[in-house]
Amino acid sequence: MTKKIKQMSIYSFCITFAIFIVISHFANYAPGLKAGKAFWDSVKEMALILPCAFALIALCEVWVKRETIEYHLGHDAGIKKYFWAILMGGMTIGGMYLAFPVAYTLFKKGASLKVIFSFLGFAGFCRIPMTIFEITCLGWKFTLIRIVTGGTFIIAYSCIMGGILHKQGYQIKE
Amino acid sequence: MTWLLWLITIIALIASQLKDPKKTKKILYLSGKRLISILPLFLFAMIGYALIIGFTETSTIQKIMGHTFTMGHTLMATLIGSIALLPGFIAFPLCALLQKQGVAYGILAAFSISLMNVGIATFPIEVKYLGFKVSLIRNILGLLMASVCGLIMAFFMGELL
């Protein structure tokens, strides 16, 4: 599928959705009203976060030296680099959409693929505000077990995937 | 909290502008370009999320996910989690509600893990950056992880029959 066709289909999907919401509004169709409100709330929230997030990512990309990243997160950085991966994953804001540009920046600056995959795994897994919320909702025992088991799994498969892909000369794209 | 984010961003940008205007111009250009390129995929994800919120009720989810812990229910929860598009702030109260209504912890673990890691909605963006093969593998591993962690959770919570 060419890029143009993909873009056209997504935009037509959006327009269809918009029409659906407008009609639901006038017809008082409950699911449509709920969907419209949910859409508006989430867009509002993300619209405030996205520009800042991209600006901060670009700032880091332009200002942080390659050597710094390579030293802390590169291939020879030692066990410590996984702690960085967990920390950065925990501090991800705004969802997985933002973790991927960060991953690309890390890759461009020389971080090891194992670290990048661990980071992506943790970004979906133990974001700090979410985790605090989880403890309040489901208890610290649940959260602890989830993080320990999931975390081990994430690091394990990231190491394997990172190692294999690195040998194949894999690149993260823009 | 978002005002703090804006404050940090603006201060950082001003500092960058003072130190090197050329670099700052590049920063603004890069972030603008990326914002625009991600916009369609992002809208797609938001719409999917809104539709799910609009068309599902808690009771439906609970009926599907079942009470006692079985592998079947876990797999079902994992699959639903991968399709569902809920931010954490909605997902966790939902899980708490389900738990009070008797859904096993193990099932909820599988559900929340696959919810946050695997996603039909995040897949297009993932493919854009990581390529199709890698994204597929990552997501399949995520499903596996969700099921296995569900199992382990159930074991530790004493739910394994």
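Naming: A, B, ... by sequence-line order, numbering from 1 per chain.
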Please identify, among A:Ile145, A:Thr152, A:Leu120, A:Leu59, the residue contributing the most non-hydrogen atom pairs under 4.5 Å to chain B.
A:Leu59
Need one label for B:Ile10: side chain, backbone, both or neither, based on atoms under 4.5 Å from any heavy atom in chain A.
neither
B:Ser112 versus chain A, heavy atoms under 4.5 Å apart: side chain, backbone, both or neither?
side chain
About how many Å separate CD1 of A:Ile154 and CG of B:Asn117, when rounded to the nearest 0.5 Å?
5.5 Å
Counting heavy-atom pairs closer than 4.5 Å to chain B, which one of A:Val148, A:Leu56, A:Ile57 comes out on top?
A:Leu56
Evaluate the criterion side chain to side chain contact (heavy atoms under 4.5 Å, CB included) for residue pair B:Leu144 and A:Tyr157; output intermediate values, then yes/no.
CA-CA 11 Å; B:Leu144 204 72; A:Tyr157 85 66; over 6 Å; no
Test side chain to side chain contact (heavy atoms under 4.5 Å, CB included) on A:Phe100 and B:Lys128 and set out the steps.
CA-CA 9 Å; A:Phe100 291 110; B:Lys128 181 178 192 286; over 6 Å; no
With a 4.5 angstrom heavy-atom cut-off, is it the side chain or the backbone of A:Leu48 that approaches chain B, or both, or neither?
both
Under 4.5 Å, counting heavy-atom pairs only, tell me which of A:Gly121, A:Pro101, A:Ala103, A:Gly150 racks up the most with chain B.
A:Pro101
Rounded to the nearest 0.5 Å, what separation is found between the CH2 atom of A:Trp63 and the OG1 atom of B:Thr24?
6.5 Å
What part of A:Phe17 is in contact with chain B, defined as an atom under 4.5 angstrom from a non-hydrogen atom: side chain, backbone, both or neither?
side chain
Report which part of A:Phe125 has an atom under 4.5 Å of a heavy atom belonging to chain B: side chain, backbone, both, or neither.
both
Aromatic rings B:Tyr129 and A:Tyr104: how do their planes relate, parallel, tilted or perpendicular, breaks at 30° and 60°?
tilted
Side chain from CB out, backbone as N, CA, C, O: work out which of these in A:Leu165 comes under 4.5 Å of a heavy atom of chain B, or both, or neither.
side chain
Please flag which part of A:Phe107 lies under 4.5 Å from any non-hydrogen atom of chain B: side chain, backbone, both or neither.
neither
